[in-house]
Amino acid sequence: MNAQQAVNIVMIEDDEGHARLIEKNIRRAGISNPIHHFLDGTSAVHFLYEDAHGPVHNGPALILLDLNLPDMSGIDILARIKGEASPLRRAPVVVLTTTDDKFEIQRCYDLGCNVYITKPVNYDSFAAAIRQLGLFLSVIQVPDIEEN
Amino acid sequence: MSAQQEFLERQAERRFARTVLMLITLGFAAVMFAGLTAAAIMVRGEEQAGRIDHTYLVEREVAGIRLALEQMRSARRGFILALPGVGEASYSSAAARLLHGIDEVARLTLDNPVQQANVARLSAMARTLDGLFRASMSPSRARAAVSERERQQLAAKVEALAMRMLAGERRLLSERNSARIASVRTFYIVLAFTALLLLLVGLGSIWVIRRYTSALLASRMALQSLNQNLEGAVAERTTDLQRANEEIQRFAYIVSHDLRSPLVNVMGFTAELDAAIAPLDAMVARVEEHAPELVDDTVRIAVREELPEAIDFIRSSTHKMDRLINAILRLSRQGRRTITPERLDLGQLTAGVVDTLRHRIDELGVAVSIAPDMPAIVTDRLAVEQILSNLVENAVKYLKPGRPGTIAISAEARQGRVLIDVADNGRGIAPRDHERVFDLFRRSGAQDQPGEGIGLAHVRALAYRLGGTISVRSDLDEGATFTLNLPAMFAGENPL
């Protein structure tokens, strides 16, 4: 499990309420990895690529991405992360958003998104989904960026 | 404002056209009148020429009379002097010529009473003179009876009368001649006037024709350019409408998603609050057990009744809001679905729709009748199914309590359209709500049935997309008839 311990969770979510609910439910699922929360795309991208503690310079990461961000579209961030030359292209990305439009979902998967979760309004299913995501996080192997 | 201006312009144009027509008619009438006048003058002129000829003829005859008289005299003298070659025969022929000339003049001057009188006198005198001459020449030579002087006087009288007649004819001739000249002048004046009128009318006509032709040409050019632009204009308008439609759909889509985001929070934290009630309740119970004096009714009611009640209300409201947002989303998605027209058997389709609702229909004992011989229609199957399903569902839903429900579905083709009627005998819709029921989230009558007021808004949106309309005829408690009016052949997206 020590490989997972090092995995940072980068949450890019402009709604603080959603972020708090996601964090709560991840913690409830028993996941204690550090969560870095960003409210906008610019600072998130900066952290991902430039920051000393960011995934490019400091170990593997799992990215939780909302598509509706105030300063840029989450799709753009996804495209950048999964781009050919991106150092983060192997980092798993979980898209968590309110959009359940099937074209949007297809587009995310085409761009290389690993999991797409629609935030349900029904809280129980939302909490259940996040907790399952937590369980999923506890077993998946995240490739180390620096090993590439 | 512009319509009034246009009206005034058109009126002025009409007045102008009327005036022009009147002027041209008048002009042609004047030309015709002038022409007739000229013709009349010409006829008169010919008549005058005839009279002048006639006068010449009379003059010649009178001159002939004078010549014959002279010949008679010289023949008689010659006979008496017994000149060779002059005999009684030459006198007789001269006398015959004289009498014949007088008769001729009498015949020619039948129209002239003065000359007639003269001729009568001349004839009488000539006969007397002839008698005297013949007597003087007779072998019996009864010369004594009439003196030479008497003969001379009578001959002079005849001569004078002939001269007078000649003068009369000459006068008549000059009169007639001057009249003829005057009439010829009048004729020329009339002719010139006619030519002038003709010129004026011609110019006027040319001007009017030119005016109309240029107006016609201008309007034809305008029409042509309009025609050329029309296609572009239609395409442009269609693009605009499509863009506007897309905009609205995007708007609905974004709004519904952005509304959903705070709703997730409201629901989430409500659930967190709800979860927090359990430990609170447990603590209140513990405190009640160990130190009852610390718990009063306010705390107990707050934890056990008011908090759960508030949370229930928040929850039911958010659920309702979620349903509304989903409805908007569904409508906006419906707008984005592509319409695939195909040939539909309405009877079969309707039966299929009724079958999907069979359970509810049988449960409530509703009698559904589908008219035979429904017309065929080419349109989107799913959309028509959804519309009919909504309408039948509503009919089943809003029955009049205590009245067995009946629903009649019929359709007829009319001028390229297909009218589908769904008629029920349910509780009906008050006329003031006829428009309202098609609005999103609006309902009519007693709110005793579940629903969000989405169905008919959905139906109307679908009908519009198919290029059709939906309308209702109904009265409260009198049942309702919904009429779906669709093009028999789907002709392309209706951007509204």
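Each chain gets a letter, A, B and so on, in the order the sequences are listed, and its residues count up from 1.
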I'd like to know whether [atom1] of [X] has more than 12 heavy-atom contacts from other residues, nucleotides or ligands below 6.0 angstrom.
X	atom1	answer
R323(B)	CZ	yes
R358(B)	CZ	yes
R107(A)	CZ	no
E272(B)	CD	yes
Y109(A)	OH	yes

Got a second to check how far [X]'s [atom1] is from [Y]'s [atom2], nearest 0.5 Å?
X	Y	atom1	atom2	value
L263(B)	K119(A)	CG	NZ	12.5 Å
T118(A)	R260(B)	OG1	CZ	8.0 Å
E16(A)	N265(B)	CD	CG	10.0 Å

| Between the main-chain N or O of S261(B) and the side-chain N or O of H18(A), is there a donor-acceptor pair closer than 3.5 Å? | yes

| query | Do you know which two heavy atoms are closest between L21(A) and V264(B), and how far apart they sit? | reply |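 Heavy atoms only, the tightest pair is CD1-O, 4.0 Å.
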
